[in-house]
Amino acid sequence: MTADASDAVEIRNALLRLRRATGLPVAFGGLLEAGRQMRISELSGTATGALRSLAVTSGNGLGGKTVVLARPCAVTDYSASRRISHEYDAPVAVEGLRSVLAVPVVVRHGVRGVLYGALRTALPLGGRMLDAAVEAARDVERALVVRDEARTLAAGGGAGVGWEQVREAHAALRALAPRIADPELRDELLEACALLTAGTASPARVRLAPREVDVLACVAAGATNAVTAGRLGLTPETVKGYLRSAMRKLRARTRGEAVVAARRAGWLP
């Protein structure tokens with residue numbers, strides 16, 4: 001999955017969570033492009049395509065105001081509001097939107113995108129709705145931070161301390177994923193984890209179970225069986241069983257050989 005496609009999935013999933021958490025029937029959003037322009041790329045619950053690919057300039061409309069202020073903004077009646085400029089009234093009217101909220105996606109003190117939620121009636125959007133929308137934006141922020149760090153570390157090559165940090169991050173992410181109850185968030189975390197193995201060989205020839213990969217990731221980071229068991233919430237004997245199974249599939253005689261073979265097969269960074 002490319003970076004752009006991965007980011008689109010992140011926004012799309014966040015919009016679905018926003019709608020579920022707020023009860024708002026319409027949500028849309030996108031990330032900033034070059035400069036200070038945000039393009040609405042993802043729609044959820046819309047009746048038309050009027051908002052798709054709409055380019056929102058920093059400072060203009062509700063979303064542009066949100067980008068400048070880097071904080072949530074809301075209007076009760078979009079077309080009549082005196083708190084925003086009205087460059088985008090036409091597509092908003094085509095979609096029939098009245099009450100609209102916008103929350104920024106902020107990564108390392110910079111706005112990276114905007115999520116919107118909307119009603120087709122002019123009703124106040126309460127603090128509970130804003131809080132839920134902000135939480136959806138936080139999910140995107142956390143995912144983008146992980147991806148940014150993964151790409152930065154992976155770009156450093158396979159030598160030195162930087163690459164050891166990649167392996168430690170990979171093991172930590174693999175260990176964290178099973179503890180996340182939300183299946184969408186868990187899948188997103190595993191997608192971010194997969195970025196750490198980008199550019200390695202395809203794992204098509206050797207099929208490893210998820211827990212086998214988890215164990216190998218810990219071993220690759222230097223963990224003993226006991227430490228691996230603690231990280232993954234398993235018993236040391238279970239860890240040994242997964243490791244033996246992985247070694248058999250990878251045709252490895254030692255733990256070290258298994259790690260090397262898993263890296264060559266594309267399972268580990």
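Source: prediction; values computed, not measured. Starting from 1, each residue takes its place in the sequence as its number.
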I'd like to know if the side chain of [X] reaches the main chain of [Y], judged simply by a donor and an acceptor atom lying under 3.5 Å from each other, with no hydrogens or angles considered.
| X | Y | answer |
| --- | --- | --- |
| Q37 | V56 | no |
| S81 | R83 | yes |
| R174 | P210 | yes |
| T66 | L62 | yes |
| T57 | N60 | no |

Using distance alone, with no hydrogens and no angle criterion, decide if [X] and [Y] have a side-chain donor and acceptor under 3.5 Å apart.
| X | Y | result |
| --- | --- | --- |
| R19 | S44 | yes |
| S85 | E87 | yes |
| E95 | T46 | no |

Point to revise | Parallel, tilted or perpendicular, as decided by the 30° and 60° cut-offs, for the rings of F28 and Y116 | key: parallel
Assigning hydrophobic clusters by single linkage (Ile, Leu, Val, Met, Phe, Trp, Tyr; side-chain heavy-atom cutoff under 4.5 Å), is [X] placed with [Y]?
| X | Y | answer |
| --- | --- | --- |
| V260 | W267 | no |
| V68 | I40 | no |
| V100 | L16 | no |
| V114 | V106 | yes |

Going from [atom1] on [X] to [atom2] on [Y], what distance comes out if it is rounded to the nearest 0.5 angstrom?
| X | Y | atom1 | atom2 | answer |
| --- | --- | --- | --- | --- |
| D139 | L115 | CG | CG | 9.5 Å |
| L51 | S41 | CG | OG | 12.0 Å |
| T228 | L243 | OG1 | CG | 8.5 Å |
| L43 | R52 | CG | CZ | 4.0 Å |
| R71 | K65 | CZ | NZ | 6.5 Å |
| C73 | L125 | SG | CG | 12.5 Å |

(Q) Taking E135 first and then R138, would you say they form a salt bridge - that is, a charged N and a carboxylate O separated by under 4.0 Å? (A) no
What I want to find out is whether R211 reaches D214 closely enough, with some N-O distance under 4.0 Å, to be called a salt bridge. yes
Within-4.5 Å side-chain heavy-atom neighbours: [X] and [Y]:
| X | Y | value |
| --- | --- | --- |
| L234 | Y242 | yes |
| V107 | V140 | no |
| S99 | R120 | no |
| V26 | L97 | yes |
| R39 | L54 | no |
| T76 | L123 | no |
| R17 | T22 | no |
| V206 | L250 | yes |

So which atom in [X] and which in [Y] form the shortest heavy-atom distance, rounded to 0.1 Å?
| X | Y | answer |
| --- | --- | --- |
| L130 | P72 | CD2-CB, 4.1 Å |
| A229 | T235 | CB-C, 3.8 Å |
| K249 | A209 | NZ-N, 4.0 Å |
| V103 | A137 | CG2-CB, 4.0 Å |
| P104 | E141 | O-OE2, 3.5 Å |
| A133 | L18 | CB-CD1, 3.9 Å |

(message) With side chain to side chain contact (heavy atoms under 4.5 Å, CB included) as the criterion, how do L32 and M38 come out once you've worked through the C-alpha distance, each side chain's angles and the decisive distance to 0.1 Å?
(response) CA-CA 4 Å; L32 266 67; M38 190 274 295; 3.8 Å; yes
Side chain to side chain contact (heavy atoms under 4.5 Å, CB included) assessment of L101 paired with L24:
CA-CA 10 Å; L101 61 81; L24 294 172; 3.8 Å; yes
Taken in chain and number order and not counting sequence neighbours, the residues that satisfy side-chain hydrogen bond (donor to acceptor under 3.5 Å, both in side chains) with R251 are none
